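Quick notes on the structure that follows.
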Amino acid sequence: MGINWSEFFVTGDPLILASQIAIVLTSVGAVAALTYFKKWKWLWKDWLTTVDHKKIGILYILVGILMFFRGGVDGLMMRAQTSVPENTFLDAQHYNEVFTTHGVVMILFVAMPLLIGVMNFVVPLQIGARDVAFPQLNALSFWLTFSGAMLFNISFVIGGSPDAGWTSYFPLAGKEFSPGIGNNFYAVALQIAGAGTLMSGINFVVTILKMRIKGMTMLKMPMFTWTSFITSIIIVASFPIFTVALALMTFDRIFGTHFFTISGGGMDMLWANLFWLWGHPEVYIVVLPAFGILSEVISTFARKTLYGYKSMVISITLIAVLSMLVWVHHFFTMGNSSAANSFFSITTMMIAIPTGVKVFNWLFTMRKGRIKFTTAMLWALAFVPNFVIGGVTGVMLAMAAADYQYHNTLFLVAHFHYVLIPGVVFPLFAAFYYWWPKMFGYILNEKIGKWHFWLFTIGFNLTFMPMFFLGLDGAVRRAYTYSEETGFGPLMLTSAIGAIILAAGFAVLVYNIYWSARYADRNISNDPWDARTLEWATASPVQHYNFAVLPEVKSLDAFWHMKKNNEIKTLNEDEIEEIHMPSNTWIPFYMGNVFLVAGFFLVFEWTIAAAIASIGIFAGLIFRSFDYDEGFHVHKDEIIKTESSWRNVGKGVKNHVS
Amino acid sequence: MKASKLSLVLTTLLGAVLLSGCENNMVVFQPQGPAARSILDLINFSLVMMFAIIIIVFALFGFIVWKYREKKENLDYEPPEEHGNTVLEIIWTLIPIIIVVALTIPTVKTIYALDKIPKGYEEKEPLVVNVTSADWKWIFSYPEQGIETVNYVNIPEDRPIDFRLTSASTMQSFWIPSLGGQKYSMANAETQLYLVADNPGSYMGRNTNFNGKGYAEMEFEVQSQTQKDFDKWVKEVKATAPKLSEKEYEKMLEPSHLGRKTFSNTHLDWVDHSKGQSQNYIKPELYKREHGYPGKIFKEEKLETDHNQHGTDHSQHGNMNEETNDSHGGEHNGH
């Protein structure tokens with residue numbers, strides 16, 4: 001094979017050397033700690049082989065938070081480099097790698113796992129199911145996402161990072177201009193993770209269609225379940241496009257085909273079209289479930305049912321349809337005909353209509369309510385003004401003629417950060433504070449949470465607000481440096497300071513998780529927020545079979561009405577029946593590892609080794625076909641014991657909010 | 001409560017400070033030609049609409065959050081069951097529709113207008129300038145004058161310039177913010193942009209589409225002159241500037257930063273990159289980075305001669321790979 005070991009590891013940069021050492025030390029430390037505390041068996045039985053949707057959800061969230069740290073450090077390095085004119089902290093090549101990985105990591109390995117994690121945890125509970133439709137497939141989805149994330153992550157220490165931007169436009173990303181293997185990491189790692197996401201999409205479509213509890217018609221589903229449903233449909237519709245595009249990219253880069261190259265009759269614009277045919281719906285894949293989270297949080301803490309529920313459902317459906325019809329707005333400047341640009345301008349602006357309807361519905365949900373300012377609610381409230389700024393600048397960018405002046409500038413960068421941070425990250429933080437007691441049985445500290453909130457929101461505005469003005473002054477995105485004469489210096493420095501405050505906010509969140517895990521009060525009720533949907537009807541943390549007896553739903557906000565009408569029955573032991581649950585399995589974890597190894601070989605273009613490794617994939621598939629494990633039954637005694645232990649706590653401490 | 005109000009105040013304050021601080025000298029707000037001016041009119045119109053939306057939504061948000069906050073006095077207040085209001089929902093669907101329609105009309109008009117020679121200049125004959133972008137330089141050819149410049153372009157004032165964009169390498173975006181919007185330049189394709197400069201002056205132009213290591217510095221200068229000065233300059237170039245050879249041209253296309261250059265002929269004599277299947281001078285081996293694992297570089301097979309019609313007589317020999325490096329010069333001289 002002729003492996004060139006001297007070029008295998010990335011060398012010659014102190015930052016990367018430090019990371020390499022840190023990775024080795026952390027790995028050694030983790031192995032040592034697991035051995036010392038005799039936790040290997042716990043790790044294997046409780047986490048690596050689990051098919052429980054709640055644990056898989058938590059694993060997704062864990063990966064998302066870890067990758068958030070990685071993507072955040074990339075972001076900080078970018079702000080540090082551009083904080084002053086002609087800075088030499090990073091060179092051009094290093095900067096290009098950093099902004100590429102920042103974009104890919106934040107979208108595909110932070111936003112996606114965090115949202116799919118929350119969906120995994122919450123959706124089956126909200127619809128009164130015991131798990132998703134295909135629990136083993138769900139585990140496979142997670143392990144593929146994890147493998148993709150890890151493969152992508154190691155690129156900067158082994159082999160070299162991708163450096164053609166998160167959009168990886170051809171011909172730049174092809175072998176003609178990027179002969180190193182760096183961009184193979186993009187093609188292969190995203191393919192593996194994307195396959196996992198596609199399976200998740202299928203899984204949730206089926207789960208939501210087929211596994212709803214008795215009485216829960218489509219129009220009685222909680223809004224978060226609705227948005228998860230629509231998101232899953234968009235995933236199923238758009239991810240196959242990305243799969244194909246990445247496959248063609250892989251052929252071009254590893255086997256020398258000419259789909260997107262300059263020579264040999266390739267068509268570079270085809271990549272841009274395919275990429276954004278997936279990429280734009282992808283924005284709605286991450287934003288819609290976040291809208292669902294907001295609906296739940298705002299409704300709970302305003303103590304009112306969601307205003308205009310039906311128009312909300314129509315809105316998200318319309319957004320889903322329109323999301324597939326706007327992709328050209330990412331390249332109005334490609335020299336399309338005036339008619340094409342006009343068409344895509346109009347479809348893009350039309351998205352503002354259902355989005356506006358949603359914002360007004362949220363505002364009117366709060367009207368006549370009694371708004372409680374918990375940390376979760378603060379995140380939901382901060383969404384409104386910040387997202388409106390992102391939204392109106394989006395409309396400005398949608399006006400194609402004006403876009404000729406905004407395109408590829410920092411104005412655009414400011415816009416999409418104003419959409420994605422208030423539109424995805426804020427709601428995710430709201431989700432953490434809101435559902436944390438359901439996941440772990442304790443509330444994240446509210447006081448520390450408020451520090452987290454203020455540092456993060458102020459830091460965010462300080463980082464990205466200046467970019468609107470820099471963009472209008474001609475500052476372009478992705479440039480590693482600028483000269484003194486441009487006059488960008490002061491605003492760039494402001495932005496860098498903002499980034500430090502933003503990072504401090506994230507650090508406070510991590511501290512809050514640590515503090516609350518150690519010191520938070522465990523004596524809380526299963527419904528600390530006086531909430532409205534079914535997940536609050538069961539224990540916190542949720543027992544592995546979710547519900548001892550499945551409730552029946554008569555209305556929207558089912559749990560709220562049960563409480564109001566005193567319909568919450570005490571546990572009747574005669575009603576309890578044995579519960580059928582799926583067994584743990586090692587296959588998904590094994591498959592993830594095989595994909596990781598095969599993918600790694602493919603990245604290094606060792607095609608024979610990759611082919612041999614992928615035999616392992618087929619071995620796993622065959623093994624699974626002959627797997628007749630029918631799951632197991634939870635015995636009545638165990639159910640009675642579990643149920644009485646949480647139901648007899650009494651009222652407990654209902655509310656920790658001061 | 002303090003929460004939301006404070007964030008509101010902060011956002012507005014920040015916006016106000018930044019607006020007053022920079023609006024006057026931001027390049028997009030300082031148009032120097034009719035194209036940039038018509039875009040600015042559109043931007044200003046949209047800004048007014050957007051500020052109106054922001055003010056209304058922020059005010060409504062502030063009012064609702066303040067009025068319905070939880071207080072000690074209202075702890076026993078139980079909000080009413082309220083599922084929506086069809087009339088209200090129709091109203092806030094209609095208002096955005098009206099706003100979108102109001103924005104669409106001038107947008108579409110401007111889109112169509114920008115594809116033509118700017119209004120008022122239709123009488124004047126446009127000056128054709130072929131722009132070829134390469135890693136990481138801009139090459140400007142004046143086919144009528146038979147001259148070529150690198151990294152700067154001189155244009156006569158008050159005369160429409162017909163920029164014809166193509167690329168010899170990656171995809172770039174050609175942007176002179178003072179004069180108008182941007183457009184991509186792509187290999188095997190030609191895009192077109194009409195710009196006019198009102199007055200003599202010097203304007204910054206650059207690439208905005210990321211294209212590798214040299215991207216940040218990929219700028220050029222636009223020098224707008226009176227017709228008289230422009231003619232004088234052309235004459236001078238024809239008389240004094242050296243001639244460009246294909247060999248030099250090939251060297252020029254290698255990934256590098258160049259200063260300004262001027263030639264008294266154009267590369268269009270032997271290659272036009274906008275033609276499909278035209279000769280390309282790409283040398284992947286020159287794009288290797290200092291670190292990272294090297295991947296395979298693919299040899300190009302020669303194309304079948306059926307495609308011959310598209311290119312010049314040079315179109316067959318040049319598909320690059322590392323093996324042909326040595327013989328390259330010889331091959332070229334053979335013509």
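Proteins come first, then strands; the chains are lettered A, B, ... in the order of their sequence lines, and each starts at number 1. Nothing here was measured: the structure is a model prediction, and the numbers come from that model.
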Take A/Tyr480 and B/Glu217 through the test side-chain hydrogen bond (donor to acceptor under 3.5 Å, both in side chains) and record every step on the way to the result. CA-CA 9 Å; A/Tyr480 83 106; B/Glu217 295 94 351; 2.9 Å; yes
Give the C-alpha distance, both sets of side-chain angles, the deciding distance and a yes or no for side-chain hydrogen bond (donor to acceptor under 3.5 Å, both in side chains) between B/Ser173 and A/Asn408. CA-CA 9 Å; B/Ser173 189; A/Asn408 275 341; 5.0 Å; no
Test log, rule side-chain contact (heavy atoms from CB on, under 4.5 Å), inputs A/Arg303 and B/Tyr68: CA-CA 11 Å; A/Arg303 301 178 71 80; B/Tyr68 299 103; over 6 Å; no
Run the numbers on B/Val65 and A/Phe373 for side-chain contact (heavy atoms from CB on, under 4.5 Å), then give the verdict. CA-CA 10 Å; B/Val65 171; A/Phe373 295 103; 3.7 Å; yes
Full working for side-chain contact (heavy atoms from CB on, under 4.5 Å) between B/Lys296 and A/Ile254: CA-CA 7 Å; B/Lys296 282 182 228 132; A/Ile254 299 178; 4.2 Å; yes
Please determine whether side-chain contact (heavy atoms from CB on, under 4.5 Å) holds for the pair B/Met49 and A/Val392, giving the CA-CA distance in whole Å, both sets of side-chain angles, and the decisive distance to 0.1 Å. CA-CA 9 Å; B/Met49 303 281 268; A/Val392 294; over 6 Å; no
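Contacts between A/Phe255 and chain B at a heavy-atom distance below 4.5 Å involve the backbone alone (N, CA, C, O). Only the side chain of B/Asn188 comes within contact range of chain A, with heavy atoms under 4.5 Å apart. Residue B/Leu40: no heavy atom, backbone or side chain, is found under 4.5 Å from chain A. Of the atoms belonging to B/Trp92, heavy atoms from both backbone and side chain fall under 4.5 Å from chain A. Of the two parts of A/Lys564, only the side chain, counted from C-beta on, holds a non-hydrogen atom closer than 4.5 Å to a non-hydrogen atom of chain B. For chain A, the nearby part of B/Ile53 is the side chain; its heavy atoms alone come within less than 4.5 Å. Looking at B/Ile64, both its backbone and its side chain come within 4.5 Å of chain A, counting heavy atoms on both sides. Residue A/Glu485: no heavy atom, backbone or side chain, is found under 4.5 Å from chain B. Only the side chain of B/Asp135 comes within contact range of chain A, with at least one heavy atom under 4.5 Å from a heavy atom of that chain. Looking at A/Thr305, the atoms closer than 4.5 Å to chain B (heavy atoms on both sides) sit in the backbone and in the side chain alike. Using a 4.5 Å cut-off between heavy atoms, A/His561 contacts chain B through its side chain alone, with no backbone atom that close. In this structure, chain B has heavy atoms under 4.5 Å from both the backbone and the side chain of A/Asn361. Heavy atoms of A/Thr409 lying under 4.5 Å from chain B belong exclusively to its side chain. In this structure, chain A has heavy atoms under 4.5 Å from both the backbone and the side chain of B/Tyr112. Of the atoms belonging to A/Ala339, heavy atoms from both backbone and side chain fall under 4.5 Å from chain B. Proximity to chain A (any heavy atom under 4.5 Å) is shown, for B/Thr107, by both the backbone and the side chain.
A 6.0 Å sphere centred on NZ of B/Lys109 holds no more than 12 heavy atoms belonging to other residues, nucleotides or ligands. The number of heavy atoms from other shown groups lying within 6.0 Å of NZ (B/Lys71) is above 12.
A/Asn96 CG to B/Lys213 NZ: the interatomic distance, rounded to the nearest 0.5 Å, is 9.0 Å.
Without hydrogens or angle criteria, B/Gln182 side chain to A/Tyr404 main chain gives a donor-acceptor distance under 3.5 Å. Put simply, the side chain of A/Gln405 never gets that close to the backbone of B/Val28: no donor and acceptor are under 3.5 Å apart.
When all heavy atoms of B/Arg289 and A/Ser161 are compared, the closest pair comes out as NH2-O, 2.7 Å. The two residues B/Ile111 and A/Ala400 have their closest heavy-atom pair at CD1-CB, 3.5 Å. Contact record, A/Tyr406 with B/Ser46: OH-OG, 4.4 Å, taken as the closest heavy-atom pair. Heavy atoms only, all atoms of each residue included: B/Ser169 and A/Ile262 are closest at O-CD1, 2.9 Å. Of all the heavy atoms in A/Met349 and B/Val100, the pair that sits closest is O-CG2, 3.6 Å. The nearest pair of heavy atoms linking A/Phe170 to B/Met171 is O-CE, 4.1 Å.
Of the residues A/Phe99, A/Tyr95, A/Phe177, the one that meets the ring-ring contact (aromatic ring centres under 6.0 Å, His included) test with B/Phe210 is A/Phe99.
Interface summary for chain A: among B/Ser167, B/Ser185, B/Pro96, B/Pro106, the most heavy-atom pairs under 4.5 angstrom belong to B/Pro96.
Side chains of A/Phe360 and B/Leu88 form no contact here, defined as non-hydrogen atoms less than 4.5 Å apart.
Electrostatic pairing of A/Lys310 and B/Glu89 does not count as a salt bridge here, judged by no charged N lying under 4.0 Å from a carboxylate O.
Ring pair A/His258/B/Phe298: centre-to-centre distance not below 6.0 Å.
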